[in-house]
Protein chains: 2
Amino acid sequence: MKPKSTSLPPGKKKIVQAMRNLLENRSFETITIAEIAVEAGVTEGLIYKYFKDKRDLLHHVLREHYEIFLNQIDRDLQGIDGALNRLKKIIWSSIERYANHKVFARIILLEVRNSERYFESEAYTLVQKFNTIIIGIIKEGIAQGEIRSDLPPAYIRNAIFGTLEHSCLNRVIFDEPVATSETARFISDLIFNGIKA
Amino acid sequence: MKPKSTSLPPGKKKIVQAMRNLLENRSFETITIAEIAVEAGVTEGLIYKYFKDKRDLLHHVLREHYEIFLNQIDRDLQGIDGALNRLKKIIWSSIERYANHKVFARIILLEVRNSERYFESEAYTLVQKFNTIIIGIIKEGIAQGEIRSDLPPAYIRNAIFGTLEHSCLNRVIFDEPVATSETARFISDLIFNGIKA
DNA sequence: TAATTAAGTAAATAAAATTTACTTACCTGA
DNA sequence: TCAGGTAAGTAAATTTTATTTACTTAATTA
């Protein structure tokens, strides 16, 4: 039985790659369809054959990124036991991703959320999946007595995500370097133990 | 000595008010210059007399908002002693603002950061001022022995801002109600004491 | 092999933002 | 008091981009 995938049309692949290239140096807003077409070596019309519009193309690129990241996370968590240990690893993996993929950090943290449509995209579906994984770990931690039971899991998740994102935001905005392990250690410590002396 | 302010030209005021009105129901991206002109009862050209472009007008509206908010914070903090108490009040005030000004929450959290120019705007200058105030309180707390001294103040600030923002983000995106005091209590508790059982 | 269909092009159209050239009215200082 | 500048404002042209349309070509399949 031969595979049904007849390998994507070359035009589509070139368009996606062109978008990735351009995003390396420029913000989504400033990239024009004309530029994407030139970079890809196709005509503007073809872009609309494969993607609803510019934003749809962005979401496609983003989905690919999240797919890779979720697989990564899955792998990273293997063999790690205990809710706190697992959360710590997730924090580490997330920071490592932001540090190594500045372009995606910029897109995710600053450039994609300003459209309702993002929250209906497949990319966002994957974010929600990640979300569910974290909530699961938190609930498990509460059940096992590792995590306080008097805080709603959603608050804990928001604290983790929020602290993570904000810690990377300044790095992204002002292009400062990120010390992954150190940052992960401080954030985990802070979330786990609080700031009170 | 009479004041030098000869009161703003009526056109400018009408343009700013029109932008505020439109932002109530629509996202920045979808609002057009033509609409702003109609809503303000002026011609499109006049908008460019007073503002560099659409984004500049947004930053102007945002700056006004931050000015009011910073005054509010200043007032809210009066008579409150102790770093933790002051941080708790800041958390409360911030959530209250997001809850009562959903439009600004949306703009601040989702719609304005996707342009480099925001980070050079006067609006952002005020954000940095707020930032400095918080860092000051944290350092004071460390000096007084109320706050752990083994965490860099910037991480603590990021945890506070980040947790705050993320907690409000879902509310903003999916238009859920915000229970200000309850949310403030959970967030303060979480940041101060950590999640470990 | 005729009919479909997918890949792709080229050019037209539409929708916005932005610029330009032009009024008016009102101060203001010699 | 009036010539000249300047701020407020308009109307229309221009530019820039995104998006649509109508068309070709090559491959596929029934």
Side-chain angles (χ1 to χ4, degrees), chain A residues 1-23 25-62 107 111-112 114-118 121, chain B residues 1-23 25-62 107 111-112 114-118 121:
Chain A
M1 183 167 62
K2 72 171 195 300
K4 69 159 176 275
S5 78
T6 44
S7 83
L8 293 196
K12 184 166 182 179
K13 263 196 285 219
K14 285 193 289 178
I15 290 166
V16 173
Q17 187 54 49
M19 186 57 158
R20 283 201 214 97
N21 292 156
L22 291 169
L23 283 168
N25 306 306
R26 312 254 309 287
S27 77
F28 171 70
E29 278 225 316
T30 64
I31 296 171
T32 70
I33 291 288
E35 282 177 308
I36 298 168
V38 169
E39 175 83 15
V42 303
T43 56
E44 304 184 22
L46 191 62
I47 296 171
Y48 290 90
K49 277 278 157 64
Y50 296 120
F51 303 97
K52 198 180 153 307
D53 55 20
K54 208 175 84 173
R55 214 168 261 284
D56 187 39
L57 172 54
L58 177 71
H59 294 163
H60 177 93
V61 170
L62 208 51
I107 297 171
E111 296 186 335
V112 81
N114 62 340
S115 157
E116 310 248 330
R117 277 175 46 203
Y118 168 62
S121 73
Chain B
M1 185 167 61
K2 73 174 193 298
K4 68 157 176 277
S5 78
T6 44
S7 85
L8 293 198
K12 183 165 184 180
K13 263 196 285 219
K14 283 192 289 179
I15 291 166
V16 173
Q17 186 55 47
M19 186 57 159
R20 282 200 215 99
N21 293 157
L22 292 169
L23 283 168
N25 306 306
R26 312 253 309 286
S27 77
F28 171 70
E29 278 224 317
T30 65
I31 296 171
T32 70
I33 291 288
E35 282 177 308
I36 298 168
V38 169
E39 175 82 16
V42 303
T43 57
E44 304 184 24
L46 191 62
I47 296 171
Y48 290 90
K49 276 280 156 63
Y50 297 120
F51 302 98
K52 198 180 155 306
D53 54 22
K54 208 174 86 173
R55 215 169 261 284
D56 187 39
L57 172 54
L58 177 71
H59 294 164
H60 177 93
V61 171
L62 208 51
I107 297 172
E111 297 186 335
V112 80
N114 61 341
S115 159
E116 309 249 330
R117 279 174 45 203
Y118 168 62
S121 73

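Throughout, protein chains are lettered first and strands after them, A, B, ... in sequence-line order, and every chain is numbered starting at 1.
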More than 12 non-hydrogen atoms from neighbouring residues, nucleotides or ligands closer than 6.0 Å to CD on B/Gln17, yes or no?
yes
Of the candidates C/dT18, D/dA18, C/dG8, the side chain of A/Ile33 sits closest to D/dA18
Test side chain to side chain contact (heavy atoms under 4.5 Å, CB included) on B/Asp53 and B/Arg117; report intermediate values, then the result.
CA-CA 12 Å; B/Asp53 54 22; B/Arg117 279 174 45 203; 2.9 Å; yes
Using every non-hydrogen atom in the two residues, find where B/Arg55 and B/Val112 come nearest and quote the distance to one decimal.
NH1-O, 4.2 Å
Contact class for B/Ile36 vs. all strands (heavy atom < 4.0 Å): base, sugar-phosphate, or nothing?
nothing
NA contact type, B/Thr32, heavy-atom cut-off 4.0 Å: base, sugar-phosphate, or nothing?
sugar-phosphate
Please give, in whole Å, the distance from D/dA8 P to B/Lys12 NZ?
9 Å
Figure out the CG/P separation between A/Leu58 and D/dA18, and round it to whole Å.
13 Å
What is the nucleic acid contact for B/Lys54, judged by heavy atoms within less than 4.0 Å: base, sugar-phosphate only, or nothing?
sugar-phosphate
Rounded to whole Å, please give me the gap between CG in A/Leu46 and P in D/dT24.
18 Å
d(CG, B/Asp56; C1', C/dT18) in whole Å
14 Å
Out of curiosity, A/Asp56 CG to A/Ile47 CD1, how far, rounded to the nearest 0.5 Å?
12.0 Å
note: B/Asp53, atom CG; D/dT16, atom P; distance rounded to Å ~ 15 Å
Classify the nucleic acid contact of A/Tyr50 as base, sugar-phosphate or nothing, counting any heavy atom under 4.0 Å across all strands shown.
sugar-phosphate
A/Glu44 CD - C/dA7 P separation (whole Å)
20 Å
Nearest whole Å is fine: how far is C/dT20 C1' from B/Lys49 NZ?
10 Å
Distance check needed: C/dA17 C1' versus B/Phe28 CZ, whole Å only.
11 Å
In terms of relative ring orientation, are A/His60 and A/Phe51 parallel, tilted or perpendicular, with 30° and 60° separating the classes?
perpendicular
If only side-chain N and O atoms of B/Tyr48 are considered, is one of them under 4.0 Å from the OP1 or OP2 phosphate oxygen of C/dT18?
yes
